[in-house]
Structures are given as structure tokens and as C-alpha cells.
Amino acid sequence: MPELPEVQTIKEYLSEKLVGEQIKNVVIKDERPIKGVSSEEFKETIKSKQVKEIFRRGKLLVFKLEEKLFLAIHLRINGILILSEKEERFARVIFDFGKNRLLNLCDSRVFAQVQLVSDWRKIPIVEKMGPEPLEMEKEEFAALFKGKKAKIKPLLMDQHFLAGIGNIYAQEAVFCAGINPESRANAIEPQRLEKLYQCLISILKKAISVGGSSVDVYLRPDGTKGRYESFLKVYQRNGQACFKCNSQIKRIVSGGRGTCFCPKCQK
DNA sequence: AATGGGACCTGCGCGC
DNA sequence: TGCGCGCAGGTCCCAT
């Protein structure tokens, strides 16, 4: 799943390769990912635009094309961006940068969305988005939880609350901090929240440094896998032995999402 | 206000 | 070997 570390990895790779480059053409294999405008309008607006800047907000990737023209891409669950010489499997939209450089938006499930906007900050998802975890101090982080009765793990995944955390890193963070995923946020002691902050930040930084987690279909834009899978402690480890205490990792559904945790280590 | 469930979508793993 | 069922999950939307 492309969460903060995966989108950051994509951002860094594509910034290096595509900033300053011109989009020669757009091939729309499937118009469903394109929101707001017709395929024709989308294609015509983008054609011949130069990529000025690429940045990330939460799980949203944004290409600045002009002062008042942004291309926003949300990969949702299964979307990946592959920069290669050929059309890739499940390509839905292909941005042709010339010289055999095709940026493929691949998405088997067609949940990914791309849109053109004059002001990326006005995109509803951005307007309601919580703060960036990597741009917060621990005091600010702890203050977020004041008076929150919600379960901690679904809360971490709530994009209005905190930006960029999805099902993988929320599970990993609460395991690292020794917090039960169903603990009520306002019932967690301050020192435990501080631990959660340290865990979350270090996990995100580590994941970014190794190119994200290639669970399911995620790949870096050069087609290689991320390397954080081997560091995952609980995600998709249902029934396996806990790396800390050797007891069995359990799977529950919390906030409607599959959640693996160690009942012994996470009280 | 917070929580839960359905919809969107389809490849894939599993059971028979 | 082959078929069909249902899970997986980010976000939005609706209901309670």
C-alpha cells in the first residue's frame, strides 16, 4: 500500500528524473482514474507542460506544472508509478516524456485517482488533512491525542487526524510502542505516547531510507522492490511468532481493517 | 462526535 | 487441473 514512505520514495525518485522535463503526450488507457475533467481536456491541458516541482502531502503526490496548474495523483490501495521504456501491466494512464521515458500509472483495481487543479491546497482531501508526522515535535504530537476517545490504531490511520499513515505503519508503530491497537487514545500515558512518537518517526524514516515496503504490488518507480518488508514486525504476520516474546501474533479487525498485534507485548 | 458498514474494483489465494 | 468464492484496503458516503 502506498503510504507516506512509499509516496515519499516515489516523490524523491521522480523529482530527480522528471523535474524540468516536458510531458510530450498522455495516453489514457482507462478514463476511470481521471476525475473532474474529460479525458480529452485532461490530455490537452497537460500536453507540452513542463514539470516544475514534485512534492508530497500525506499520501498525495503533486506535480506542479504551472503557477496555477497542478497534477495530483492519489495511488490509494494498489496504484503504482513506473518510469520505464514500455507500457507496463495494468497501465491506466501513461505520461510520455519522450526519449523512451514513459511514466505508467498502473493500478489493477482502478482506485487510484488523478486530477488537475489550479490550487492543490483546495483539494478537499488536502483541506481536511491532519499534520505531517515528520514535521512535528513530540509535544505537538502528544497534544493531538488530548480528549480523543477513539481507538489508537484506527486514529493513527485517520487522515484528518494525522497525514500519511496507513494500515502497515499504524500496526508497526503501535507494536513498537507496546500499545494495544484498541487502546483508547486518551487512556494512554504520556510517556507511552512519547514512545509512540519516537517509534512512528523512526519507522517512517527507516522505511523511506530503504524505499518503502513492497507488500502486495508496490514497487519503486524504477521497478525495484522496497526493502522495508524485512523489517515488518507484525503486519501480515498473523499466527507467526512475535519477534520480541515468541508468543503468537494475533489478527483482529479494528476500525474495519485487518490488524495484527502481539497480545502479550501490546497491553 | 464517533463509529460502523457498504461501495468502489479486481487479482489472487484458497478450498474443493 | 480447474473452478468459484471471498479477501484485501484508502477514501468517501451514509446511517446510527
Side-chain angles (χ1 to χ4, degrees), chain A residues 1-10 29-36 56-62 72-82 88-93 104-115 117 120 122-130 132-133 144-174 180-188 204 207 212-219 226 228-229 232 234-240 249 251-261:
Chain A
M1 317 307 119
E3 304 180 23
L4 190 158
E6 288 75 28
V7 181
Q8 181 67 22
T9 298
I10 297 168
K29 312 280 296 180
D30 188 327
E31 57 187 24
R32 285 174 293 179
I34 296 166
K35 301 297 162 191
R56 177 192 65 74
R57 175 75 171 98
K59 301 173 191 169
L60 191 73
L61 189 68
V62 185
I73 301 180
H74 199 301
L75 297 168
R76 300 281 200 113
I77 294 167
N78 252 342
I80 54 174
L81 284 165
I82 302 291
E88 298 290 333
R89 192 174 178 218
F90 302 126
R92 305 289 173 185
V93 182
N104 291 255
L105 170 62
C106 305
D107 184 13
S108 64
R109 291 178 198 168
V110 209
F111 282 123
Q113 297 189 347
V114 299
Q115 61 184 123
V117 292
W120 70 276
K122 295 274 167 61
I123 298 172
I125 195 176
V126 174
E127 283 199 307
K128 290 182 239 159
M129 201 177 279
E132 288 289 330
L144 283 177
F145 296 87
K146 285 247 169 69
K148 292 281 180 185
K149 291 181 292 185
K151 293 171 182 173
I152 187 71
K153 187 255 174 177
L155 185 61
L156 287 172
M157 290 174 65
D158 181 349
Q159 302 301 297
H160 307 321
F161 177 77
L162 193 62
I165 311 303
N167 206 24
I168 298 172
Y169 298 104
Q171 287 174 53
E172 294 300 312
V174 291
N180 186 294
E182 303 233 278
S183 295
R184 298 285 165 182
N186 60 1
I188 300 170
L204 292 176
S213 304
S214 281
V215 294
D216 203 359
V217 299
Y218 167 77
L219 295 172
Y228 197 75
E229 309 87 82
L232 295 172
V234 284
Y235 184 75
Q236 286 186 342
R237 295 198 64 249
N238 184 29
Q240 299 178 40
I249 299 293
R251 183 183 186 275
I252 56 169
V253 174
S254 182
R257 298 283 165 263
T259 305
C260 294
F261 73 108

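This one's a predicted model, so the numbers in the text were calculated from it and none came from an experiment. Convention: sequence-line order gives letters A, B, ...; per-chain numbering from 1.
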Min side-chain heavy-atom separation A:Lys153-A:Asn167 under 4.5 Å: yes

Regarding the side chain of A:Lys151, the nearest nucleotide among B:dG4, B:dT10, C:dG10 is B:dG4

Side chains of A:Ile152 and A:Phe145: does their closest heavy-atom pair fall under 4.5 Å? yes

Rounded off to whole Å, could you give me the NZ-to-C1' distance for the A:Lys128 and B:dA1 pair? 15 Å

Presence of A:Arg184 side-chain N/O under 4.0 Å of B:dA2 phosphate oxygens OP1/OP2: no

Check the distance between B:dA1's C1' and A:Phe145's CZ and give it to me in whole angstrom. 18 Å

Between A:Leu155 (CG) and B:dA2 (C1'), how many Å, whole number? 11 Å

Taking B:dG11, C:dG10, C:dC12 as options, the one with an atom nearest any side-chain atom of A:Glu3 is C:dG10

Can a donor-acceptor pair under 3.5 Å be found between the side-chain atoms of A:Arg257 and the base atoms of B:dT3? no

State, yes or no, whether a side-chain contact exists between A:Arg92 and A:Val110 at a heavy-atom distance under 4.5 Å. yes

Please determine whether a side-chain nitrogen or oxygen atom of A:Lys149 lies at a distance below 4.0 Å from atom OP1 or OP2 of B:dT3. no

Protein-nucleotides 3-5 of chain C N/O pairs closer than 3.5 Å?
none

Within the structure, does a side-chain N or O atom of A:Tyr235 lie under 4.0 Å from either OP1 or OP2 of C:dG9? yes

Counting any heavy atom closer than 4.0 Å, what does A:Gln159 reach on the DNA or RNA strands: base, sugar-phosphate only, or nothing? sugar-phosphate

Testing the 3.5 Å rule here: is there a donor-acceptor pair between the side chains of A:Glu229 and A:Tyr218? no

At less than 4.0 Å, is any side-chain N or O atom of A:Arg32 found next to OP1 or OP2 of B:dT10? Yes or no. yes

Under 4.0 Å, heavy atoms only, any strand: does A:Leu75 hit a base, just the sugar-phosphate, or nothing? nothing

A:Gln113 CD - B:dA7 P separation (whole Å): 18 Å

Of A:Arg251 and A:Lys59, the one whose closest nucleotide on DNA chain C sits nearer the 5' end is A:Arg251

Where the side chain of A:Arg109 is concerned, which of B:dG11, C:dG10, C:dT11 is the nearest nucleotide? B:dG11

Nucleotide nearest A:Lys148 (side chain, heavy atoms from C-beta), chosen from B:dA2, C:dT11, B:dG11: B:dA2

Rounded to the nearest angstrom, tell me the gap between atom NE2 in A:His160 and atom C1' in B:dA1. 13 Å

A:Phe161 CZ to C:dT11 C1', in whole Å, measures 18 Å

Please check this pair: side chain of A:Gln113 against backbone of A:Ile34, looking for a donor-acceptor N/O pair closer than 3.5 Å. no

Which heavy atom in A:Asn78 sits nearest to a heavy atom in A:Arg109, and how many Å separate them? ND2-NE, 2.9 Å

Does the side chain of A:His74 get closer than 4.0 angstrom to OP1 or OP2 of C:dT11 through an N or O atom? yes

A:Glu127 CD - C:dT11 C1' separation (whole Å): 16 Å

Report the residue (A:Ser254 or A:Asn78) whose heavy-atom-nearest nucleotide on DNA chain B is the more 5′ of the two. A:Ser254

A:Gln236 CD to C:dC7 P, straight-line distance once rounded to whole Å: 15 Å

How about A:Lys35: does its NZ atom have over 12 heavy atoms from other parts shown lying under 6.0 Å from it? yes

What's the closest nucleotide to the side chain of A:Ile77 if the choices are C:dG10, B:dC9, B:dG11? C:dG10

Are there more than 12 heavy atoms of other residues, nucleotides or ligands under 6.0 Å from atom CD of A:Glu132? yes

Picking from B:dC9, C:dC12, B:dG11, which would you name as closest to the side chain of A:Arg89? B:dG11

For DNA chain C, please output the secondary structure as dot-bracket, reading 5' to 3'. Pairs are Watson-Crick or G-U wobble, both atom distances under 3.5 Å; mark crossing pairs with [ ], other-strand partners with |, unpaired with a dot. .|||||||||||||||

Should the ring pair A:Tyr228 and A:Tyr169 be called parallel, tilted or perpendicular, given that the plane angle runs from 0 to 90° and is split at 30 and 60? tilted

For the backbone of A:Cys106 and the side chain of A:Asn104, can you confirm whether one donor and one acceptor N or O come within less than 3.5 Å of each other? no

Check whether A:Glu6 reaches the backbone of A:Ser213 with its side chain - one donor and one acceptor, N or O, closer than 3.5 Å. yes

